[in-house]
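Below: the structure, in structure tokens.
The structure displayed is predicted, hence computed values, not measured ones. FYI, the numbering just counts along the sequence from 1.
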Amino acid sequence: MGITSLPSSIVTSLMPPEVMKQNREEIGHGRVLTLNRPDHLNSISEKMVLMLGQKFEKYEKDENVEFVIVKGAGRTFSAGGELKRLYDGRNTRDSCLEFGYRLYWFCYQLQTYKKPHIVLSHGMSMGGGVGLMASMKFSVVTEKTFCSIPEANLGYHPDCGLSYILPRLSGRLGEYLGLTGATLKGKEVVAAGLATHFVPSQKLFQLEKSLLSINNGEEDTIRSVIDEFSTNVQIDERSVLSKLSIIDDCFSRETVEEILDSFEAEAGKKGNDWIMPVLKSIKKASPIGLKITLRSIREGRTQTLSECLRKEFRITMNTLRTIISNDLYEGIRAAIIDKDKSPKWNPSTLDKVHDEQLDLIFKPFEEHDLEL
């Protein structure tokens, strides 16, 4: 007779840990953590963020630990938050409250960490994965790295500290990336300011090995090791990063509608064929997601990290509570549940999204004890 069930303790032991320690982790002064959900694109689950927070706290207090390395299993660093988890909790009020607390506290922990941390981001990083990558003291990408922040396409907003990170990029690049969900590849990620070093993928293993062999955790020492393997970044004239004058002009406009109008006007000029697919992408996005994203990034220009994370937490919880719209759940449904790629946004157009509605998303909680 076949085995029909196993004791829970055995089942647990057979399941791969979501954050994996490597055997050589205890060698030397470094510690290596691997996001270990390759079948789920290393998306950030509640269990994963809990484990990461605990390990980072432990290492910060451990005198034998000088620095921490984080990487992703498989061909992905992280696709960001676990969307299906959000969708499955749509009929239960605040089902993701604890997850939200843990996630935003971990984002703060990363940005204020007392010891150097290094991310080896090989492959895809999206949304919150970009936030984690860009929060590290040293962030290494390869030619196979590609990043995007597609939250507005899902009726959501850039989180994991991205409302603090994006407005601190050059000019209006942050608004552009947040509103369009455009993809940056390889060296572009460094040139944009979302990573610190570009290292060819064939050198990544040797870089990790060299980092773990150093006898101290001084930032200058770590930087010099990474510099040995890194390549200078030069941007191709076809890259969107060579179009920053257009981006700065269009994406500095006050409203999403004005941004679209000016961007569309530029699309009609010679040599601006690159704009049309970007415009098409923006026009498919959630109107409320676009307006929340623009407001959050603009507010982030003058906010501290703590203020940005508190704001992002409010936006997240109020969005999950469908205070004014269920666009997030509809966006997830269309993208990963039914996969019909045809979300029905509500409100359906930008002109139907009013400031008074947005205020409800951004305002502090009536239950004051919920504040981050």
Taking 4.0 angstrom as the limit, do D88 and R85 come out as a salt bridge? no
Any side-chain donor near an acceptor of the partner, D340 and S342, under 3.5 Å: no
Please report the C-alpha distance between K115 and V68 in whole Å, then the side-chain angles of each, then the deciding distance to 0.1 Å, and finally whether the side-chain contact (heavy atoms from CB on, under 4.5 Å) criterion is met. CA-CA 8 Å; K115 295 180 179 180; V68 182; 5.9 Å; no
Would you say that more than 12 heavy atoms from the other residues, nucleotides or ligands in this model lie under 6.0 Å from the CH2 of W274, or not? yes
Is L35 close to K71 at the side-chain level, that is, under 4.5 Å between some pair of heavy atoms? no
Quick one: pull up OG in S121 and NZ in K144 and give me the separation to the nearest 0.5 Å. 13.5 Å
With side chains defined as the heavy atoms from C-beta onward, is the minimum distance between M136 and I118 less than 4.5 Å? no
Heavy-atom distance under 4.5 Å between the side chains of V240 and I247, does that happen here? yes
Between the side chains of S163 and E312, is a donor N or O closer than 3.5 angstrom to an acceptor N or O? yes
Considering the options L194, I297, L305, which one meets the side chain to side chain contact (heavy atoms under 4.5 Å, CB included) requirement together with I165? L194
List the steps and the verdict of ring pair (Phe, Tyr, Trp, His ring centres under 6.0 Å) for F138 and F67. CA-CA 11 Å; F138 299 100; F67 60 91; 9.6 Å; no
Do K311 and S296 make a side-chain contact, defined as non-hydrogen atoms from C-beta onward lying under 4.5 Å apart? yes
I want to check a possible cation-pi pair here: R333 against Y87, using under 6.0 Å from ring centre and within 45° of the ring axis as the test. no
Distance to the ring centre below 6.0 angstrom and angle to the axis at most 45 degrees; does that hold for K203 and F229? no
Measure from the side-chain N and O atoms of T180 to the backbone N and O of I282, and report whether any donor-acceptor pair falls under 3.5 Å. no
Quick check against the 3.5 Å criterion: does Q109 have a side-chain atom that pairs as donor or acceptor with the backbone of W105? no
Evaluate the criterion salt bridge (Lys or Arg N to Asp or Glu O under 4.0 Å) for residue pair K269 and E266; output intermediate values, then yes/no. CA-CA 5 Å; K269 298 179 181 179; E266 287 291 336; 3.2 Å; yes
Could you tell me whether the side chain of K291 and the main chain of L350 form a donor-acceptor pair under 3.5 Å? yes
Between T92 (side chain) and S95 (backbone), is there a donor-acceptor pair under 3.5 Å? no
Do the side chains of M126 and L179 join up, straight or via other hydrophobic residues, at under 4.5 Å, putting them in one cluster? no
Does the pair M124 and L41 meet the rule for a side-chain contact (heavy atoms from CB on, under 4.5 Å), with working shown? CA-CA 8 Å; M124 178 173 66; L41 302 178; 3.5 Å; yes
L320 with I315, same ILVMFWY side-chain cluster at under 4.5 Å: no
Before giving the answer on salt bridge (Lys or Arg N to Asp or Glu O under 4.0 Å), spell out for K47 and E82 the whole-Å C-alpha distance, their side-chain angles and the decisive distance to 0.1 Å. CA-CA 11 Å; K47 180 179 178 182; E82 189 175 31; over 6 Å; no
L173 and L241, any side-chain heavy atoms less than 4.5 Å apart: yes
Working for side-chain hydrogen bond (donor to acceptor under 3.5 Å, both in side chains), residues H157 and T316: CA-CA 8 Å; H157 67 107; T316 294; 2.9 Å; yes
Is it the case that one hydrophobic cluster holds both V199 and F146, taking links as side-chain heavy atoms less than 4.5 Å apart, direct or via other members? no
Does CD in E57 sit with more than 12 non-hydrogen atoms of other residues, nucleotides or ligands closer than 6.0 Å? no
CA sep, side-chain torsions, deciding dist, call: N346, S325, side-chain hydrogen bond (donor to acceptor under 3.5 Å, both in side chains): CA-CA 6 Å; N346 180 30; S325 172; 5.4 Å; no
Are more than 12 heavy atoms from other residues, nucleotides or ligands located less than 6.0 Å from atom CD of E371? yes
Decide side-chain contact (heavy atoms from CB on, under 4.5 Å) for E151 and I149; before the verdict, give the C-alpha distance in whole Å, the side-chain angles of both, and the deciding distance to 0.1 Å. CA-CA 6 Å; E151 276 79 356; I149 302 162; 3.1 Å; yes
For D227, I'd like to know if atom CG has over 12 heavy atoms of other residues, nucleotides or ligands within 6.0 Å. yes
Basic-acidic side-chain contact under 4.0 Å: R31, E66: no
In this structure, are over 12 heavy atoms from other groups packed under 6.0 Å from K243 atom NZ? yes
Tell me whether the NZ or CZ atom of R102 lies within the 45° cone about the ring axis of Y104 and under 6.0 Å from its centre. no
Spacing of OG1 belonging to T231 relative to CD belonging to E143, to within rounding of 0.5 Å: 9.0 Å
Angle class for the H117/Y113 ring planes (parallel below 30°, perpendicular above 60°, tilted otherwise)? parallel
More than 12 heavy atoms of other groups within 6.0 Å of E237 CD: no
Determine whether more than 12 heavy atoms belonging to other residues, nucleotides or ligands lie under 6.0 Å from atom CD of Q202. yes
Could you report the tightest heavy-atom contact between D327 and K344, atom names first, then the distance? OD1-O, 4.4 Å
Quick one: pull up CD in E356 and CD1 in I324 and give me the separation to the nearest 0.5 Å. 10.5 Å
When the ring planes of Y176 and F263 are compared, do they come out parallel, tilted or perpendicular, using 30° and 60° as the limits? perpendicular
Which pair of heavy atoms, one from A79 and one from T76, lies closest together, and at what distance? N-CG2, 4.1 Å
Criterion salt bridge (Lys or Arg N to Asp or Glu O under 4.0 Å) on R321 and E367, from CA distance to verdict: CA-CA 14 Å; R321 288 175 169 184; E367 313 98 310; 3.2 Å; yes
Any side-chain heavy-atom pair from V141 and H197 closer than 4.5 angstrom? no
Nearest 0.5 angstrom please: I332 CD1 to L83 CG, how far? 4.5 Å
Quick one: does any side-chain atom of K114 pair with a main-chain N or O of T112 as donor and acceptor, under 3.5 Å? no
Connected via hydrophobic side-chain network under 4.5 Å: L260 and V353: no
May I ask you to test the P364-R314 pair for a side-chain heavy-atom distance under 4.5 Å? yes
Should Y329 and R90 count as side-chain neighbours, where that means a heavy-atom distance under 4.5 Å? yes
Is it possible for you to say whether I361 and L162 belong to one hydrophobic cluster, with membership spreading through side-chain heavy-atom contacts below 4.5 Å? no
For the residue pair Y156 / S286, report whether a side-chain donor-acceptor contact shorter than 3.5 Å exists. no
Look only at the side chain of E330 and the backbone of W345, and say whether a donor-acceptor pair between them is shorter than 3.5 Å. no
Pair Y101 and F313, ring centroids less than 6.0 Å apart: yes
When you compare the side chains of E188 and S239, does any donor N or O come within less than 3.5 Å of an acceptor on the partner? yes
A quick test of your reading: do over 12 heavy atoms of other residues, nucleotides or ligands sit less than 6.0 Å from CZ of R75? no
Stepwise, does the side-chain contact (heavy atoms from CB on, under 4.5 Å) test hold for M51 with M48? CA-CA 5 Å; M51 294 172 71; M48 180 185 284; 5.9 Å; no
